[in-house]
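For reference, the structure is listed below as structure tokens.
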Amino acid sequence: MIGMDLVKISRVEAIYGRHGERFLKKLFTQRELEFLARRNFPPRTMAGLFAAKEAMAKALGLGISGAGLKNLEIRHRGAVPWGHYRGRIFALSITHEGDYAAASALLLEAGPSREAPFSVDESMRGLLPKLKEDDHKGSRGRGAIIGGSRGMLGSVTLASRAVLRVGAGYSYVQVPEELVWAMELKVTEVIVRGHGEDSGAMDALGLGPGLGRGAEAGELVAKVLKSTRPVVVDADGLYHLGTPMKGDLGPGPRILTPHVGEMSRLTGHSPGEIEGNREAVAGALAQKTGAVVVLKGPGTVVAHGDQIHINATGNPGMATAGSGDVLTGILTGLVAQGMTTYDAARLGVYLHGLAGDLAARALSKHSLTASDILSHISPALNLLE
């Protein structure tokens with residue numbers, strides 16, 4: 001479908017003059033704000049972007065209120081604009097004449113194959129851990145995934161394998177003692193230990209995949225959070241933080257990775273409130289806890305202190321069981337290599353989404369599985385390298 005819109009530049013300029021930053025943050029995503037900042041916020045460019053958002057919303061048949069301003073994003077390849085909405089792609093044309101900006105949007109077939117070729121975010125390339133000629137497995141970091149329960153060993157399998165896929169030298173997985181034998185049959189490169197064994201030698205811990213919600217699991221979460229090591233908390237690990245979240249997260253660096261439902265439990269906000277204010281809710285929780293907060297979903301939000309980053313990779317096919325476990329392993333593996341939690345979170349969600357995009361192109365969004373995402377981490381890293 002095609003959508004078109006026309007915006008008066010002087011009207012945008014007047015509103016910007018009255019409301020300044022409030023106006024900008026209401027209309028534009030972080031990526032768009034960075035694009036405008038590089039041009040010193042010209043009103044004609046603002047008007048063009050807003051017209052393009054309106055045109056995209058019309059092409060979708062939803063209108064601005066139905067689509068949501070922050071879900072409609074204008075991206076650029078060089079000077080060429082294109083549109084993105086929850087994995088759907090638009091060809092855009094933006095023009096200016098006198099006091100008007102006009103835009104047209106053509107909705108293309110959904111899917112990353114229409115974005116070809118894949119372009120790499122140079123800022124993400126710069127975050128990639130550097131390899132040294134004298135590296136050995138002991139110098140590349142040790143990451144441990146702590147979780148698993150009867151019938152739920154797949155989650156820790158995916159996460160522990162992802163630790164290695166992003167370059168960590170060692171990956172460990174800690175599961176209930178009675179399941180160590182079963183876990184040893186599922187993995188090869190990963191070292192298997194029981195929940196009771198000491199994880200103090202690890203450089204980073206991933207806590208929660210498949211852990212369960214019983215009292216023993218809650219006691220384990222409390223114990224692990226006493227560690228000074230960096231901890232990525234996901235899934236059942238988040239459940240044991242409380243409803244709403246109570247208590248602190250312990251003495252070390254932390255990354256929390258909730259989806260909207262988990263964020264609702266942690267904050268007491270309804271899912272609708274969170275979806276309408278994703279950046280604000282994630283930012284508030286990050287400031288309250290001191291942790292890096294990764295609010296998963298389309299346009300994953302990474303918040304730390306007053307810093308907000310919006311991820312640009314990923315597609316709807318990644319809404320599949322185990323996808324979040326792969327992300328937990330990616331984050332744990334990157335932190336284990338010495339990255340800060342904020343840099344690891346930004347690079348990790350980018351890599352996770354890029355792997356999903358590559359998998360969707362090679363296979364199908366409809367049939368995408370977490371194992372497909374895991375197997376495409378290597379091609380994603382190859383693009384960055």
Side-chain angles (χ1 to χ4, degrees), residues 84 86-89 109-116 118 143 145 147-168 171 173 175 179 182-190 192 206-212 232 234-238 257-262 294-300 311-334 347-384:
H84 182 272
R86 298 184 183 275
R88 308 185 76 177
I89 308 304
E109 292 295 325
S113 61
R114 299 302 299 265
E115 299 183 38
F118 280 107
I145 302 299
S149 57
R150 189 173 299 278
M152 296 295 290
L153 293 182
S155 55
V156 286
T157 302
L158 290 165
S160 59
R161 291 178 63 199
V163 170
L164 292 174
R165 280 294 182 189
V166 293
S171 176
V173 60
V175 297
L179 296 177
M183 197 70 221
E184 288 175 335
L185 295 176
K186 291 181 70 66
V187 294
T188 50
E189 301 98 334
V190 177
V192 183
L207 175 64
L211 183 61
V232 181
D234 184 34
D236 290 333
L238 296 170
T257 62
H259 54 57
V260 170
E262 291 163 338
V294 176
L295 177 54
K296 296 183 290 194
T300 292
N311 185 54
T313 56
N315 64 82
M318 297 176 70
T320 185
S323 177
D325 302 316
V326 175
L327 176 60
T328 297
I330 290 173
L331 299 178
T332 304
L334 292 175
L347 177 59
V349 298
Y350 179 84
L351 269 175
H352 183 247
L354 183 57
D357 288 342
L358 288 166
R361 170 182 286 184
L363 304 169
S364 159
K365 286 199 300 296
H366 284 85
S367 66
L368 203 64
T369 68
S371 294
D372 297 330
I373 300 170
L374 177 66
S375 66
H376 282 79
I377 292 174
S378 293
L381 281 167
N382 192 42
L383 282 177
L384 283 180

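Positions are given from 1 along the sequence. Atoms considered below: every heavy atom in the structure, side chains included; atoms not considered: hydrogens, waters and symmetry mates.
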Will you find, in the side chains of T313 and N311, an N or O donor that is under 3.5 Å from an N or O acceptor?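 Present: a donor and an acceptor within the cut-off.
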Distance only, no hydrogens: is a donor on one side chain within 3.5 Å (strictly under) of an acceptor on the other, for T300 and H352?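 No - no donor-acceptor pair under 3.5 Å links their side chains.
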Do the side chain of [X] and the main chain of [Y] share a donor and acceptor less than 3.5 angstrom apart?
X    : Y    : result
S375 : S371 : yes
S149 : G210 : yes
H259 : E262 : yes

If you measure from [atom1] on [X] to [atom2] on [Y], what distance do you get to the nearest 0.5 Å?
X    : Y    : atom1 : atom2 : answer
T257 : L238 : OG1   : CG    : 5.5 Å
D325 : I330 : CG    : CD1   : 11.0 Å
S155 : L211 : OG    : CG    : 9.0 Å
K365 : T320 : NZ    : OG1   : 14.0 Å
L384 : L347 : CG    : CG    : 6.5 Å

Salt bridge (charged side-chain N to carboxylate O under 4.0 Å, His left out) partners of D234, counting only residues at least two apart: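 Testing D234 for salt bridge (charged side-chain N to carboxylate O under 4.0 Å, His left out), a comparison that skips the adjacent residues, returns K296.
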Who passes salt bridge (charged side-chain N to carboxylate O under 4.0 Å, His left out) against D372, sequence neighbours left out?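 Testing D372 for salt bridge (charged side-chain N to carboxylate O under 4.0 Å, His left out), a comparison that skips the adjacent residues, returns none.
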So which atom in [X] and which in [Y] form the shortest heavy-atom distance, rounded to 0.1 Å?
X    : Y    : result
A380 : L351 : CB-CD2, 4.0 Å
G317 : N315 : N-OD1, 2.9 Å
A168 : G333 : CB-O, 4.0 Å
G322 : A370 : C-CB, 3.4 Å
M318 : G314 : SD-CA, 3.7 Å
A359 : L368 : CB-CD1, 3.4 Å

Going by atom type alone, with no hydrogens or angles, which donor-acceptor pairs under 3.5 Å involve a side-chain atom of residues 157-164 and a protein atom two or more places apart or on another chain?
| unit_1 | atom_1 | unit_2 | atom_2 | d |
| --- | --- | --- | --- | --- |
| T157 | OG1 | L153 | O | 2.8 |
| S160 | OG | V156 | O | 2.7 |
| S160 | OG | T157 | O | 3.2 |

Single hit among L363, L383, N382 for side-chain contact (heavy atoms from CB on, under 4.5 Å) with L358: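 The residue from L363, L383, N382 that satisfies side-chain contact (heavy atoms from CB on, under 4.5 Å) with L358 turns out to be L383.
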Side chain to side chain contact (heavy atoms under 4.5 Å, CB included) between S378 and R165: does it pass, once the steps are laid out? CA-CA 7 Å; S378 293; R165 280 294 182 189; 3.2 Å; yes
Side chains of V173 and V175, heavy atoms from C-beta outward: is any pair under 4.5 Å?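 Counting from C-beta outward, V173 and V175 do come under 4.5 Å.
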